[in-house]
Amino acid sequence: MNSIHGTSLFLPFHRYFIRLFEQHLQAIDATVFLPYWDWSRASIYQDPQSGLVFSSSALGSVTALLNSNTGYCLNIGDGSGSTYQLSNSGDSNCVQRLGGTDSSGFYTGRIGGPLTAPNVIDSYTTSASLDSFNTYAKVIEYIHGDVHVKCGGDMSHLNTSPKDPLFFFHHANVDRFWSNWQSYDNYRRQFAYASSTSDKLVEFTTVTVASVLDHQNSLCYSYQPPASGFEAQSEPAQTQEALPEEWHSMIFSSPEEANDILSTIASITQSVNDDLAANGN
Ligand SMILES: [Cu+2]
């Protein structure tokens, strides 16, 4: 796992992983597609726990319900009124989600924190300081880690997060942001990468980075823009809370790199706020 996180493979690996998941779903029902969970908009427009994603007919509640027999176990819906408790084939534990346990997270209506508001995410796409693949990938990986942590339970740990189906919705959104970054300067960024594009995607031993850089033509999918009513709204950016050590040390290979990336985030935060102030907001 650690050859994926904190390396250039983070974005390409997860792109292939979520597409593979979607293909498995489509083998059962060809009309199914993997939705993205746009936590940047969700955090502004709705109390996340009352949103569609976290309903009993969809991906279950923010905090798994306590059952006296099973403990805190996540129940998800099938859209027709039935719910299922998710268990793991690998162990006897049920899947856990404990988003509500972080009082600064879900219940204040901020999933990834104000740093992830739509205008701030857009600024990651357009900022000259994130023009290199490596810097962009590190910033997005850091931000994405906060969403994992705020979801709590299995989502908050590296080795268990894919047990929660929310993982795939979350990573579809991360992948969409990368796609936006790529298409912002297609000529230079479509095939931009920080290492050799003939590198393999670790567990997917025959799949190269090169084969996933153009998702539209190579993997046959694209993203629809957010539905109307969910247009981006400009919000002041705030300083990111520090990630727990588990995530911090996984993403950054050295204190110098952590300093570089966190100060890049801080300077973008500053310029987003300067722009807002200049525009009278
Ligand atoms: Cu992740």
Side-chain angles (χ1 to χ4, degrees), residues 1-22 24 34-43 48 53-54 59-60 62 74 76 86 88 90 95-99 102 105-106 110-113 115-116 121 124 133-181 194 201-204 207 209 212 215 219 221 223 240-253 257-258 261-262 265:
M1 280 301 235
N2 285 335
S3 51
I4 297 160
H5 291 90
T7 77
S8 323
L9 288 174
F10 171 72
L11 289 172
F13 172 87
H14 286 91
R15 172 169 286 177
Y16 188 77
F17 188 26
I18 60 171
R19 178 61 176 130
L20 196 61
F21 178 76
E22 184 179 58
H24 279 283
L34 177 64
Y36 59 84
W37 170 39
D38 187 350
W39 29 261
S40 73
R41 281 173 174 76
S43 68
V53 170
F54 296 108
L59 290 187
V62 169
L74 182 63
I76 63 165
L86 293 179
N88 298 305
V95 176
Q96 307 249 331
R97 190 188 296 150
L98 297 168
D102 179 351
F106 276 95
R110 297 286 179 190
I111 297 165
L115 201 68
T116 66
I121 294 284
Y124 299 149
F133 174 88
N134 202 36
T135 311
Y136 177 77
K138 285 276 173 180
V139 167
I140 288 297
E141 186 174 2
Y142 190 79
I143 303 299
H144 119 285
D146 193 46
V147 178
H148 274 281
V149 171
K150 291 270 165 52
C151 291
D154 283 315
M155 267 288 274
S156 68
H157 300 289
L158 173 67
N159 292 332
T160 55
S161 58
K163 291 178 179 178
D164 187 336
L166 189 58
F167 170 93
F168 295 94
F169 290 56
H170 170 35
H171 268 278
N173 197 42
V174 172
D175 185 58
R176 185 174 66 96
F177 290 145
W178 178 29
S179 173
N180 290 342
W181 180 88
L201 302 181
V202 195
E203 276 95 337
F204 307 119
V207 183
V209 170
V212 305
H215 64 80
L219 297 173
Y221 72 85
Y223 289 102
Q240 184 80 342
E241 297 162 41
L243 285 186
E245 179 54 25
E246 176 193 1
W247 289 86
H248 189 92
S249 61
M250 180 180 74
I251 293 169
F252 299 122
S253 54
E257 184 181 61
I261 296 300
L262 296 178
I265 291 176

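All ligand and atom numbering here is 1-based and tracks the order in the structure. Quick caveat, the model's predicted, so the values are computed rather than measured.
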Query raised in the report: Hey, do the aromatic rings of His171 and Phe21 have their centres closer than 6.0 Å?
Result: no
Query raised in the report: Do Trp39 and Phe177 have their ring centres less than 6.0 Å from each other?
Result: yes
Let me check your reading of the structure: within less than 2.8 Å of the Cu ion (ligand 1), is there an N/O/S atom from [X]?
| X | answer |
| --- | --- |
| His148 | yes |
| His171 | yes |
| His14 | no |

Query raised in the report: Are side-chain N/O atoms of Tyr223 and Asp175 paired as donor and acceptor at under 3.5 Å?
Result: yes
Query raised in the report: When you check the gap from the basic side-chain N to the acidic O, do Lys138 and Glu141 get nearer than 4.0 Å?
Result: no
